[in-house]
Amino acid sequence: MNKLATLIANGSITVEELASAHELIERAELVMKGIEACKKTLLFPVNTSSIDCYSYMDSAGEYQAWGKCSIDGTFTCYCNWGGPHEIGSCNLINFEEVFMAFENGEFAHDLRRFLLQQIEKAK
């Protein structure tokens with residue numbers, strides 16, 4: 001029996017929850033493509049332990065976000081909203097960690113923009 005059918009049958013997931021799974025499938029595809037793109041686009045010069053790899057400013061110039069990636073694959077993102085602070089981080093080598101990082105509402109929009117930028121650069 002299909003795993004999803006089993007989850008519905010035993011009440012672990014509702015039909016309504018399954019119907020909303022399209023969003024999760026799109027997220028999974030973005031994460032897979034983004035991680036593959038990062039492998040091609042994020043390059044570290046010799047003797048460098050981190051690189052600046054993300055910068056965004058809204059059209060009004062009010063919201064600004066930036067990010068860096070460490071040589072171990074950790075992407076850390078910051079923003080100026082409410083004063084400069086870290087909004088989230090995830091290890092770009094770990095699919096599950098990047099996938100779950102989208103649950104952080106403050107981090108999700110910039111993580112999506114970052115991954116889409118990397119996918120575009122890798123083309």
Side-chain angles (χ1 to χ4, degrees):
M1 181 182 251
N2 178 303
K3 286 183 182 182
L4 289 174
T6 302
L7 291 172
I8 291 170
N10 69 22
S12 296
I13 186 172
T14 66
V15 175
E16 291 80 11
E17 288 171 324
L18 181 60
S20 68
H22 181 70
E23 194 176 296
L24 295 176
I25 292 167
E26 286 180 348
R27 181 198 301 182
E29 290 174 351
L30 173 63
V31 171
M32 285 188 312
K33 290 177 182 176
I35 287 173
E36 284 307 309
C38 287
K39 291 176 183 177
K40 297 174 185 174
T41 60
L42 299 178
L43 305 173
F44 290 81
V46 176
N47 291 329
T48 304
S49 60
S50 70
I51 56 170
D52 294 330
C53 60
Y54 175 68
S55 180
Y56 172 79
M57 182 182 294
D58 68 7
S59 59
E62 293 177 355
Y63 178 82
Q64 193 172 11
W66 58 97
K68 64 179 182 175
C69 188
S70 63
I71 200 153
D72 72 353
T74 302
F75 170 64
T76 305
C77 193
Y78 307 86
C79 83
N80 68 333
W81 207 250
H85 66 284
E86 181 179 320
I87 57 174
S89 70
C90 59
N91 190 313
L92 298 171
I93 298 168
N94 184 315
F95 172 87
E96 291 82 9
E97 194 172 319
V98 178
F99 185 85
M100 292 309 295
F102 278 94
E103 294 298 313
N104 174 345
E106 188 177 21
F107 184 34
H109 296 294
D110 285 296
L111 177 58
R112 176 178 301 283
R113 272 192 289 271
F114 167 73
L115 293 175
L116 289 171
Q117 283 178 0
Q118 299 311 308
I119 291 166
E120 190 60 33
K121 285 180 189 177
K123 287 183 180 179

Give, for atom [atom1] of [X] and atom [atom2] of [Y], the distance between the pair rounded to the nearest 0.5 Å.
X	Y	atom1	atom2	answer
Tyr78	Gln64	OH	CD	14.5 Å
Leu42	Ile71	CG	CD1	11.0 Å
Ser70	Asn91	OG	CG	7.5 Å
Lys40	Ile35	NZ	CD1	13.5 Å
Asn80	Tyr63	CG	OH	7.5 Å
Ile8	Asn2	CD1	CG	8.5 Å

Exercise. Should the ring pair Phe114 and Tyr54 be called parallel, tilted or perpendicular, given that the plane angle runs from 0 to 90° and is split at 30 and 60?
Worked result: perpendicular

Indicate the atoms forming the closest heavy-atom contact of [X] with [Y], along with that distance.
X	Y	value
Leu115	Gly34	CD2-CA, 3.9 Å
Gly73	Ile93	CA-CD1, 4.1 Å
Thr76	Ser89	OG1-CB, 3.6 Å

Enumerate, atom names and distances included, each donor-acceptor pair closer than 3.5 Å involving a side-chain atom of residues 116-123, sequence neighbours excluded.
unit_1 : atom_1 : unit_2 : atom_2 : d
Gln118 : OE1    : Thr41  : OG1    : 2.5
Glu120 : OE1    : Lys123 : NZ     : 3.4

Side-chain contact, heavy-atom cut-off 4.5 Å: [X] with [Y]?
X	Y	answer
Ile87	Trp81	no
Asp52	Trp66	no
Asn94	Val98	no
Cys90	Phe107	yes
Cys79	His85	yes
Ile51	Pro45	yes

Exercise. Does Leu43 sit in a hydrophobic cluster with other residues, and if so which ones, taking ILVMFWY side chains as linked at heavy-atom separations under 4.5 Å, directly or through other members?
Worked result: none

Suppose we screen for salt bridge (Lys or Arg N to Asp or Glu O under 4.0 Å). Which residues come up paired with [X], at least two apart in sequence or across chains?
X	result
Arg113	Asp110
Glu103	Arg27
Lys33	none
Glu36	Lys39

Exercise. Same hydrophobic cluster for Leu7 and Leu24, using side-chain heavy-atom links shorter than 4.5 Å among ILVMFWY?
Worked result: no

Exercise. Mind checking whether Phe99 and Ile13 sit in one hydrophobic cluster, side chains of I, L, V, M, F, W, Y counted as touching below 4.5 Å?
Worked result: no

Exercise. So does Glu29 have more than 12 non-hydrogen atoms from other groups sitting under 6.0 Å from CD?
Worked result: yes

